[in-house]
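One structure is given here, and the rest of the page talks about it.
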Amino acid sequence: MWRFILFGKPFDGGKRMDHGSQQQQQQHPAMIRLYEVQREVQSLGPQVCTFSGLKNEREYRRLERELTRLLLEVDQVDTEGRADLQGARKRAAQEVEGLLRYLEENATHPSRLAIEELSREAQGLVEQGVVEPQRAGGTAEISDELVDAVQELILRLTQVKTGGRVPLRKARYRALTRLCAVQDVIEGRTRQQTLPLSEDTHVAVQRINQVMMQVSGARSQLVALLMGLSGRDSCAHLSRVLTELLVELDALDVSGNAAVRNYRKQVVEEINGLLKHLDLEGEGDDTRRYDLAQNDSIRQIEAVRGRVGQLRGEVLRHCGVGDLFRPKPELQSLLTHLDQVDTARNPCIREARRRAVLEVQAVITFLDLREALICRQPGSNEPPQHRAVWMVLGSLSDLQAQVLCFNGKRADKSYILLEELLTKQLLALDAVDPQGDEMTKVARKQAVKFAQNILSYLDMKTDEWEY
């Protein structure tokens, strides 16, 4: 995008120039100035093409100011009416204008604005649920509602379309890493609550309890930093504070008392858990972190998806001729392989793995139901309502086969038809009256869940998600 193309064409309207005329042209004051502009554009180009912020940010204004200055300088170059110099100046102006346009397009792109809107929504949640209680002198009580809301925002961020644009990928990745770090901090708070020991236990316990109180405050401070809600502090300052607490804990003499030693160990682990999130100020500057096309983990996931696609095709082909192909052991091994893929705390890789797991599970559940339908031997005294559930399951199995091979979009007639038919099966299950029969109740509940999973899988296949 940003490669300077000033000298990509001959300057004499297509006529070949000899060495002398080329040298004379390049020594012309106008060409010397355009060469200088070229060097500045080559310096600004990579900065423009990786800028992931908004128009109101200082870096945007700096880049816009520099490019506008270069555009004015190009316009002031005196070509003396020479066609070759006029062509060079025109191409230089087009290059600078292209960078200005690219800068503005990314800063005002609908996906960039969507990322900002989701980030602000996350800020509001965290400020109300974590930061404000701490500022008021209390302790933040992490509710399940807050944890669920943060998880929902993470999923919505992963679904923002970037169209392969590096600035948009970078902005999405930076927002995701911070929100995932907040999620890890607040979920860690709910998972493990280190209870203070009585100060009568050991002389060092009083100081460890004091450190625990500081760690509790640091947790809320970290969340505020990650979400951009702390104007005065910095990640580097908080890192120094926590490191000093580690040094102080290490210096405490707790020999001879296993309970106190274990208590100190728990506090140290909590501090280390916070420190691992304090390297995010420069997170996202490394292209390899957010441009995932060549990521090893993504390659592994894509290899699994490719193999799942082959197995799915074989399964559907055998079902079409009345046979049942059973590759379940291999599918289970693919699930195990996916479980071992290193996501490197990258939410996009985590989401890619989750979706691949759902693809494998969809084939496994299809095989399980097909096998159950083949092996089913209803008795003469089977309740009619139980038989009705199984009839719906048979229809769902046929519909799932169509969903598994569906590769269209939500606007397609086939998608709308599949969605309508699946909804009808849910209505049919809702109409089944168990009449107090427990087996029918359980079967109907499982069938409803199965139908909902097929609908969710169809929805996932058509949401146009990207890395």
Side-chain angles (χ1 to χ4, degrees), residues 122-123 125-127 129-144 146-147 150 174 177-284 289 342-347:
Q123 282 181 330
L125 278 173
V126 169
E127 185 166 24
V130 181
V131 179
E132 286 182 355
Q134 188 73 25
R135 286 174 179 169
T139 302
E141 295 294 333
I142 308 301
S143 64
D144 291 339
L146 176 61
V147 174
V150 170
R174 290 173 68 89
T177 50
R178 280 153 178 74
L179 195 51
C180 284
V182 168
Q183 181 189 41
D184 192 51
V185 171
I186 63 177
E187 286 187 350
R189 170 80 175 177
T190 58
R191 280 195 304 267
Q192 58 175 44
Q193 292 278 354
T194 304
L195 300 176
L197 291 178
S198 170
E199 295 183 2
D200 297 333
T201 308
H202 191 277
V203 67
V205 170
Q206 180 181 9
R207 182 53 193 145
I208 299 176
N209 286 344
Q210 292 172 351
V211 170
M212 268 294 296
M213 293 296 295
Q214 291 176 269
V215 171
S216 179
R219 185 180 292 107
S220 296
Q221 188 180 353
L222 171 60
V223 169
L225 281 167
L226 292 170
M227 297 309 300
L229 297 170
S230 179
R232 295 177 301 171
D233 302 316
S234 68
C235 289
H237 171 72
L238 184 57
S239 179
R240 285 194 298 271
V241 171
L242 291 172
T243 303
E244 288 171 3
L245 291 178
L246 284 176
V247 172
E248 188 173 348
L249 287 173
D250 186 60
L252 291 176
D253 182 10
V254 296
S255 59
N257 193 313
V260 178
R261 191 162 57 247
N262 186 57
Y263 177 38
R264 182 180 67 174
K265 179 182 177 183
Q266 289 178 316
V267 178
V268 167
E269 288 175 351
E270 286 204 30
I271 295 175
N272 285 328
L274 299 180
L275 280 170
K276 73 179 182 181
H277 296 301
L278 285 169
D279 59 349
L280 291 179
E281 284 185 318
E283 189 73 44
R289 298 290 292 171
D342 180 19
T343 64
R345 288 165 48 201
N346 187 311

Task: Non-hydrogen atoms of G228 and Q123 that approach each other most closely - done: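 Heavy atoms only, the tightest pair is O-NE2, 4.0 Å.
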
Open item on the list: I need the minimum non-hydrogen distance between R264 and D250, along with the two atoms involved.
Closed with: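 Nearest heavy atoms, R264 then D250: NH1-O, 3.8 Å.
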
Quick check: do [X] and [Y] have side-chain heavy atoms less than 4.5 Å from each other?
| X | Y | answer |
| --- | --- | --- |
| V260 | L252 | no |
| V241 | Q221 | no |
| I271 | L249 | yes |
| L242 | Q214 | no |
| V267 | L245 | no |

Task: Distance (rounded to the nearest 0.5 Å) between L222 CG and L238 CG - done: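 If I round to the nearest 0.5 Å, the distance is 6.0 Å.
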
Task: Point-to-point distance, once rounded to the nearest 0.5 Å, from CG of L179 to CG of D184 - done: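 CG of D184 is found 11.5 Å from CG of L179.
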
TODO: Answer yes or no: is there a donor N or O on one side and an acceptor on the other, between the side chain of T177 and the main chain of R174, under 3.5 Å?
DONE: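 Yes, T177 side chain to R174 backbone: donor-acceptor pair under 3.5 Å.
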
Task: Contacts of E248 that satisfy salt bridge (charged side-chain N to carboxylate O under 4.0 Å, His left out) - sequence neighbours left out - done: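 Expected list: R207.
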
Task: Set of residues satisfying side chain to side chain donor-acceptor pair (under 3.5 Å) with respect to D253, sequence neighbours excluded - done: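 Only S255 meet the side chain to side chain donor-acceptor pair (under 3.5 Å) criterion with D253.
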
Task: Result of checking L246, V211, I208 against V268 for side-chain contact (heavy atoms from CB on, under 4.5 Å) - done: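 It is L246; the other options fail the test.
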
Task: Verdict with reasoning, V126 to L226, per side chain to side chain contact (heavy atoms under 4.5 Å, CB included) - done: CA-CA 10 Å; V126 169; L226 292 170; over 6 Å; no

Task: side-chain contact (heavy atoms from CB on, under 4.5 Å) partners of L125, counting only residues at least two apart - done: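 By the side-chain contact (heavy atoms from CB on, under 4.5 Å) rule, L125 matches L146, A149, L153.
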
